[in-house]
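In this chain, residues are counted from 1 in sequence order.
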Amino acid sequence: QVHLVESGGGLVQAGGSLRLSCAASGRTFSTTSMGWFRQAPGKEREFVAAISWSAGSTYYTDSVKGRFTISRDNAKNTVYLQMNSLKPEDTALYYCAASPGLLRLWNPENYDYWGQGTQVSVSS
């Protein structure tokens with residue numbers, strides 16, 4: 001069993017920044033790949049970013065490349081998503097998720113645990 005708790009969401013103006021955190025407990029965090037997904041009202045959940053268990057590999061969806069950075073601190077069992085230059089279209093409920101594998105981390109089916117989400121709202 002893995003328990004994930006996201007934090008750091010909020011309301012920010014376009015061009016602003018937020019840092020999301022996801023604290024994990026349960027599984028050995030250092031051997032768990034982590035991902036961030038988001039879901040806007042009326043839309044499907046979409047992949048945002050992922051990081052392998054060793055932090056040797058990171059992955060981003062095209063729309064956030066150059067603006068978002070995913071990182072992890074295995075000593076704190078926490079993964080982060082630094083979001084800069086936020087746009088109104090980034091508004092969504094952001095979820096972190098845990099995967100036991102290293103492949104196809106863009107696919108939500110490869111994650112077996114999910115947090116409850118944290119809301120990010122970007123005003124224009």
Side-chain angles (χ1 to χ4, degrees):
Q1 191 78 2
V2 177
H3 187 54
L4 303 173
V5 179
E6 303 97 333
S7 61
L11 174 63
V12 64
Q13 289 188 330
S17 298
L18 285 173
R19 187 176 82 154
L20 306 184
S21 299
C22 174
S25 61
R27 177 189 287 157
T28 303
F29 184 75
S30 60
T31 57
T32 299
S33 297
M34 299 295 295
W36 286 96
F37 291 77
R38 65 187 180 187
Q39 187 167 19
K43 295 187 177 181
E44 294 186 354
R45 189 172 299 189
E46 67 168 346
F47 170 73
V48 176
I51 187 166
S52 64
W53 61 267
S54 66
S57 298
T58 56
Y59 309 89
Y60 300 93
T61 192
D62 287 346
S63 62
V64 308
K65 285 179 181 177
R67 300 189 297 124
F68 291 10
T69 303
I70 189 170
S71 62
R72 64 189 296 157
D73 185 338
N74 286 346
K76 295 182 178 180
N77 286 3
T78 302
V79 62
Y80 305 98
L81 185 67
Q82 178 66 45
M83 305 186 295
N84 299 329
S85 302
L86 282 161
K87 305 176 181 180
E89 51 263 44
D90 294 318
T91 295
L93 188 61
Y94 282 70
Y95 299 88
C96 73
S99 172
L102 291 171
L103 300 178
R104 294 183 291 276
L105 294 177
W106 51 266
N107 188 341
E109 294 182 359
N110 290 324
Y111 292 81
D112 50 1
Y113 292 98
W114 294 80
Q116 292 299 307
T118 185
Q119 179 67 40
V120 171
S121 299
V122 184
S123 63
S124 56

- [ ] Check whether any side-chain N or O of Ser52 sits under 3.5 Å from a backbone N or O of Ser33 as a donor-acceptor pair, and report yes or no.
- [x] no
Open item on the list: Ignoring hydrogens, what is the shortest heavy-atom contact between Thr58 and Tyr60? Give both atom names and the distance.
Closed with: OG1-CE1, 3.7 Å
- [ ] Consider only side-chain heavy atoms of I, L, V, M, F, W and Y, link residues closer than 4.5 Å, and tell whether Val64 and Leu81 are in one cluster.
- [x] yes
Can you list, pair by pair, the side-chain donor-acceptor contacts under 3.5 Å of residues 95-109, counting residues two or more places apart and other chains?
from   : atom 1 : to     : atom 2 : distance (Å)
Ser99  : OG     : Gly101 : N      : 3.2
Ser99  : OG     : Asn110 : O      : 2.7
Asn107 : OD1    : Glu109 : N      : 2.9

Open item on the list: On a heavy-atom basis, which atom in Ser124 and which in Pro88 lie closest, and how many Å separate them?
Closed with: CB-CG, 3.8 Å
Task: Side chain to side chain, Gln1 and Tyr113, heavy atoms closer than 4.5 Å - done: yes
Task: Close side-chain approach of Asp90 to Met83, heavy-atom, < 4.5 Å - done: no
Open item on the list: Starting from Phe29, can I reach Tyr111 by hopping between I/L/V/M/F/W/Y residues whose side chains sit under 4.5 Å apart?
Closed with: no
TODO: For residues Arg38 and Ser63, report the shortest heavy-atom separation together with the two atoms involved.
DONE: NH2-OG, 3.5 Å
Show the atom names and distances, to 0.1 Å, of all donor-acceptor pairs under 3.5 Å that link a side chain in residues 11-24 to residues at least two apart or in another chain.
from  : atom 1 : to    : atom 2 : distance (Å)
Ser17 : OG     : Asn84 : OD1    : 2.9

TODO: Of all the heavy-atom pairs spanning Leu4 and Met34, show the shortest one and how long it is.
DONE: CD2-CE, 3.9 Å
Task: Closest contact, heavy atoms only, Asp73 versus Tyr80 - done: CB-CE1, 4.0 Å
- [ ] Check the pair Phe68, Trp36 against ring pair (Phe, Tyr, Trp, His ring centres under 6.0 Å), reporting the backbone distance first and the verdict last.
- [x] CA-CA 11 Å; Phe68 291 10; Trp36 286 96; 10.0 Å; no
Open item on the list: Could you measure the distance from the CG atom of Asp112 to the OG1 atom of Thr32? Nearest 0.5 Å is fine.
Closed with: 8.0 Å
- [ ] Determine, using ring centers only, whether Tyr59 and Phe47 are less than 6.0 Å apart.
- [x] no
- [ ] Quick one: closest heavy-atom pair of Tyr94 and Glu6, and the distance?
- [x] O-OE2, 4.0 Å
